[in-house]
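Just so you know, ligand 1 is whichever comes first in the structure, and atom 1 is the first atom listed for that ligand. FYI, the numbering just counts along the sequence from 1.
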Amino acid sequence: MAFQSGGIHGYNQVSHGQLMAALKFKDDAVECLKSINLPEDELLNVADYGCSEGYNSLVTFSEIFTEFRKHKNNPITITHTDLPQNNWTEVNRLIVESEKSYLNLGNIFYSTIGRSFFNQILPKDSVHFAYSSFAMHYLSVKPPRDEGEYGWAFHNAKSQGYKDMKHLLNIRLDELIAGGYLVMVIFGRENENEDPSFSRFSFHTIKELLDRGEILPEEFKYYVWHSYPYHASEIKEILQEFESRVDVVKCEYGKSLFPYYAEYIETGDFDVYEKNIVDMMRVMMKNALFTSLKRSEEEKIQLLDKAIDEVKLSLRNNQQPLYQDYLTVIIRKKPLIV
Ligand SMILES: C[S@@+](CC[C@H](N)C(=O)[O-])C[C@H]1O[C@@H](n2cnc3c(N)ncnc32)[C@H](O)[C@@H]1O
C-alpha cells in the first residue's frame, strides 16, 4: 500500500505531550509483558511501530523493561520501526549513547526497520508484545475533503480510517504470537461530533487563510493530515470484526493537559507558551501544508509563516485549556486452544 508522508524532522524536541500520555500506560504494558506465557530463558520479542526519532520510545521502554526485569529475566529483542526516510541516525545515536537507554539493563538487543507498517514487516506469529504510540492513527493515503468540511474528522477521513485500521489490525495480529498483546495509544476525540482541542491550531488557522483567499479551495481540499482522530465507539465497532481473533482488554478515551499549557498555567509565562506552541506547530503543520500547495518553495514558506501568525492570534484570543486527546487500546490475540 502506498504511503506518502515524510518523517517528522525535529520530533524529539516537540513531543513531550505524547510521552506524558504514553507513560500513563506503563503499568498496563508491564502487566501484559508479565502475563505472557514464556519460559524463563526464552527470547521475548517486542515490536515498536512508528518510533519517529526515538526519544519517547527510549524513555517508555527503559521504564517498562526496568519494571519487567524486577519480575522476569528473559532476554529481550526490540525492533523499532518507522518509515524509510525517518531520522534513523538519531534513533541509533540515542539508543546507543543515552544514559537512559534500556540497553544499560543488559541482555536487551535492538534493531530498526525502515518500512511502512502498512506492510507485514515481521514474521508471522513472532511478536510477543506489539506497541505503538501515536502512530497507528496515521492513514495510508490522504483522503480529500468535500466542500464545506473544514476540520480533522471529516467524512472521507473516517472511511479511510476504518479501512486502514482494519488492515493494520489484521497484519499486526498476523505478526503476533497467540496469547501476545498489542498495546496502542492513538490520537482520539472525546465527542463524536467535535475535533480534538489541538485542531484549533492545525485546521482553524488554515481555514482563516482560506477565508482570506490566501489559500485556494482546491488547495484546502488537500490540506489534510495523514491521520484520523478516532472516537472510542469507532474502534469498538472495528474491533467487533475481530471478535474471533482477539480479547479486548481496554479501549478507552483519555485526555491530559498539554504539557506546554500546564506549564503556562503554573508559570503564567505567555511568551514561553507561545514559543513552545509555535515551534511545535511549525514542525507538525509543514508536511500537510506543503503537500497541499501548488506553489514555489518560497511561497510555501511564506504561507507557513502566515499560518504561524494565525496560530499566535489564536493563542491570544483563546486561552481555553489545551488537551492531548487519545485512545488507549489493548488487545490480546486469543491463545491457542490445545
Ligand atoms: C507522532 S509520531 C509518534 C512517535 C512516537 N511513537 C511517540 O509516541 O512519540 C508518529 C510516527 O509514526 C510514523 N508513521 C506514520 N505512518 C507510518 C507508516 N505507514 N509506517 C511506519 N511509520 C509511520 C511517522 O513517521 C512518525 O515518526
**Study point:** ring pair (Phe, Tyr, Trp, His ring centres under 6.0 Å) partner of His137, chosen from Phe117, Phe187, Trp152
**Key:** Phe187

Point to revise | Lys NZ or Arg CZ of Arg145 over Phe220 ring: under 6.0 Å, within 45° | key: yes

Point to revise | Close N or O approach (Ser133, ligand 1; < 3.5 Å) | key: yes

Review point. Which of the atoms of ligand 1 are close to Ser52, meaning less than 4.0 Å from one of its heavy atoms?
Key: 4 (C), 27 (O)

Check your understanding: Should you measure from each heavy atom of Phe118, which atoms of ligand 1 turn up under 4.0 Å away?
Key -> 19 (N)

Review point. Is the gap between the ring centers of Tyr261 and Tyr323 under 6.0 Å?
Key: no

Practice item. Consider every N or O of Asn56 and every N or O of ligand 1, then say whether any pair is closer than 3.5 Å. Key: yes

**Study point:** Backbone or side-chain N or O of Cys51 under 3.5 Å from ligand 1 N or O
**Key:** no

Review point. Should we count NZ of Lys286 as having more than 12 external heavy atoms under 6.0 Å?
Key: no

Check your understanding: Does ligand 1 have any atom that is closer than 4.0 Å to a heavy atom of Thr81?
Key -> no

Point to revise | Part of Tyr138 with heavy atoms under 4.0 Å of ligand 1, whether side chain, backbone, both or neither | key: side chain

Exercise for review: Take atom CD of Glu298 as the centre, draw a 6.0 Å sphere, and report whether it contains more than 12 heavy atoms from other residues, nucleotides or ligands.
Suggested key: no

Practice item. List every atom of ligand 1 that sits less than 4.0 Å from any heavy atom of Ala135, numbering the atoms from 1 in the order shown and giving each element. Key: 12 (O)

Check your understanding: Does Asn86, backbone or side chain, put an N or O under 3.5 Å from an N or O of ligand 1?
Key -> no

Point to revise | Lys275 atom NZ, neighbour heavy-atom count above 12 within 6.0 Å | key: no

Check your understanding: Nearest heavy atom to atom 18 (C) of ligand 1: which of Val91, Leu83, Thr60 does it belong to?
Key -> Leu83

Check your understanding: Which atoms from ligand 1 have a heavy atom of Phe134 less than 4.0 Å away?
Key -> 1 (C), 2 (S), 3 (C), 10 (C)

Point to revise | Arg69 versus Asn107, closest heavy-atom pair with distance | key: NH2-O, 3.6 Å

Review point. So, Tyr326 versus Phe25, ring centres under 6.0 angstrom or not?
Key: yes

